[in-house]
Participant: 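Below is one structure. I have some questions about it.
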Amino acid sequence: GESVGLHLPTLSVQEGDNSIINCAYSNSASDYFIWYKQESGKGPQFIIDIRSNMDKRQGQRVTVLLNKTVKHLSLQIAATQPGDSAVYFCAESSDYKLSFGAGTTVTVRA
Amino acid sequence: DAGVTQSPTHLIKTRGQHVTLRCSPISGHKSVSWYQQVLGQGPQFIFQYYEKEERGRGNFPDRFSARQFPNYSSELNVNALLLGDSALYLCASSRTGETEAFFGQGTRLTVV
């Protein structure tokens, strides 16, 4: 079975607002987590990653937060743009493989 | 630099047939992984190959097999196709010792 999962399958956000996408994982031994973005007809694209010894990591317009106490991961996108419309997956990395959740479809309203 | 390339991009096969999907990793990447993504779901791990040897296998039947060549390209083979094998098959490559995986655009397989 899957070891990671997302709370909501869809998210609609107004252009310019901030987006928050949530993910719960079950394997407390996981030490590395990644967020991927997948646009229609394309493969997953790496967004940002975080190791289990960190609580927060920032990239360009994106921030990933990790709460190991409740095994929760979130992706924050600042000033959401139309190009951010896609399916977002969190993934847990264990040795040689990635375990993905089902994904959250983000739709940006103009 | 070219990214991960997969061929073909689309494929239609009949139940019972077999299929071969191909992947060329990013130059310098020695590790190749295969994933199956059924519509509406996240990718599921099938295989990982490193230096031409199988390093890991997911929960897939023996109808699925793969190999990696000396130039680090890879093939995924599926025998006795079932309707349920219809999916997007993704290949990902990564550098030695690094966890960041770069995905290709996938091969869309439809079994009829």
Side-chain angles (χ1 to χ4, degrees), chain A residues 1-10 21-27 29-54 57 59 62 64 73 75 86-106, chain B residues 2-10 21 23-26 29-51 53-60 66 68 74 87-108:
Chain A
E2 296 177 344
S3 63
V4 293
L6 294 172
H7 291 309
L8 293 173
T10 61
I21 307 166
N22 296 304
C23 175
Y25 65 94
S26 59
N27 187 354
S30 298
D31 62 356
Y32 181 63
F33 303 88
I34 313 102
W35 280 99
Y36 281 92
K37 171 186 179 183
Q38 187 174 26
E39 297 174 283
S40 181
K42 297 183 179 180
Q45 177 186 1
F46 175 92
I47 301 173
I48 191 168
D49 58 4
I50 188 168
R51 296 207 172 270
S52 60
N53 60 355
M54 303 170 67
R57 191 167 186 217
V62 294
V64 56
L73 193 68
L75 177 71
V87 181
Y88 289 80
F89 295 96
C90 63
E92 164 195 1
S93 178
S94 174
D95 291 328
Y96 49 81
K97 70 174 184 178
L98 297 171
S99 297
F100 288 82
T104 291
T105 299
V106 173
Chain B
V4 176
T5 57
Q6 293 185 243
S7 63
T9 55
H10 296 82
L21 309 180
C23 171
S24 292
I26 293 171
H29 288 194
K30 298 181 179 180
S31 177
V32 170
S33 299
W34 287 95
Y35 290 81
Q36 180 197 64
Q37 186 176 23
V38 174
L39 193 63
Q41 297 182 17
Q44 297 293 311
F45 173 76
I46 311 175
F47 287 109
Q48 189 195 60
Y49 275 77
Y50 175 71
E51 287 283 10
E53 294 200 359
E54 182 181 304
R55 193 176 172 194
R57 182 187 183 112
N59 187 24
F60 280 81
Q68 187 177 32
S74 178
L88 180 68
Y89 288 85
L90 294 161
C91 174
S93 73
S94 55
R95 295 186 185 92
T96 304
E98 294 193 10
T99 47
E100 182 177 349
F102 296 83
F103 284 84
Q105 82 285 359
T107 293
R108 171 71 62 188

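Lettering follows sequence order; numbering is per chain, from 1.
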Participant: Rounded to the nearest 0.5 Å, what separates atom CD in B:Q37 from atom CZ in A:F89?
Facilitator: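 Nearest 0.5 Å value for the CD-CZ distance: 4.5 Å.
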Participant: Run the ring-centre check on A:F100 versus B:F45 and record whether the distance is less than 6.0 Å.
Facilitator: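 Judged by ring-centre distance (under 6.0 Å), A:F100 and B:F45 do not meet the cut-off.
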Participant: So what's closer than 4.5 Å to chain B heavy atoms on A:Q38: side chain, backbone, both or neither?
Facilitator: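 When you check distances to chain B, only side chain atoms of A:Q38 fall under 4.5 Å.
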Participant: So what's closer than 4.5 Å to chain A heavy atoms on B:A92: side chain, backbone, both or neither?
Facilitator: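 Neither the backbone nor the side chain of B:A92 comes within 4.5 Å of chain A.
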Participant: Using non-hydrogen atoms and a 4.5 Å limit, figure out which bit of B:F47 sits close to chain A: side chain, backbone, both or neither.
Facilitator: neither
Participant: Side chain, backbone, both or neither: which part of B:Q48 has a non-hydrogen atom closer than 4.5 Å to chain A?
Facilitator: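 For B:Q48, the side chain is the part near chain A, not the backbone.
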Participant: Find out whether B:Y35 and A:P44 are in side-chain contact, i.e. whether some heavy atom of one side chain is under 4.5 Å from a heavy atom of the other.
Facilitator: no
Participant: Go through B:L88, B:V4, B:L90 and name the one with the most non-hydrogen pairs under 4.5 angstrom from chain A.
Facilitator: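 Counting heavy-atom pairs under 4.5 Å, the top option is B:L90.
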Participant: To the nearest 0.5 Å, what is the distance between CZ (B:R57) and NZ (A:K97)?
Facilitator: 12.5 Å
Participant: Look up atom CD in B:E100 and atom CG in A:L98, then write down how far apart they are to the nearest 0.5 Å.
Facilitator: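 With rounding to 0.5 Å, CD (B:E100) is 10.5 Å from CG (A:L98).
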Participant: Tell me if the CG atom of B:N59 is crowded by more than 12 foreign heavy atoms within 6.0 Å.
Facilitator: no
Participant: How long is the gap from NZ on A:K42 to CZ on B:F103, to the nearest 0.5 Å?
Facilitator: 15.5 Å
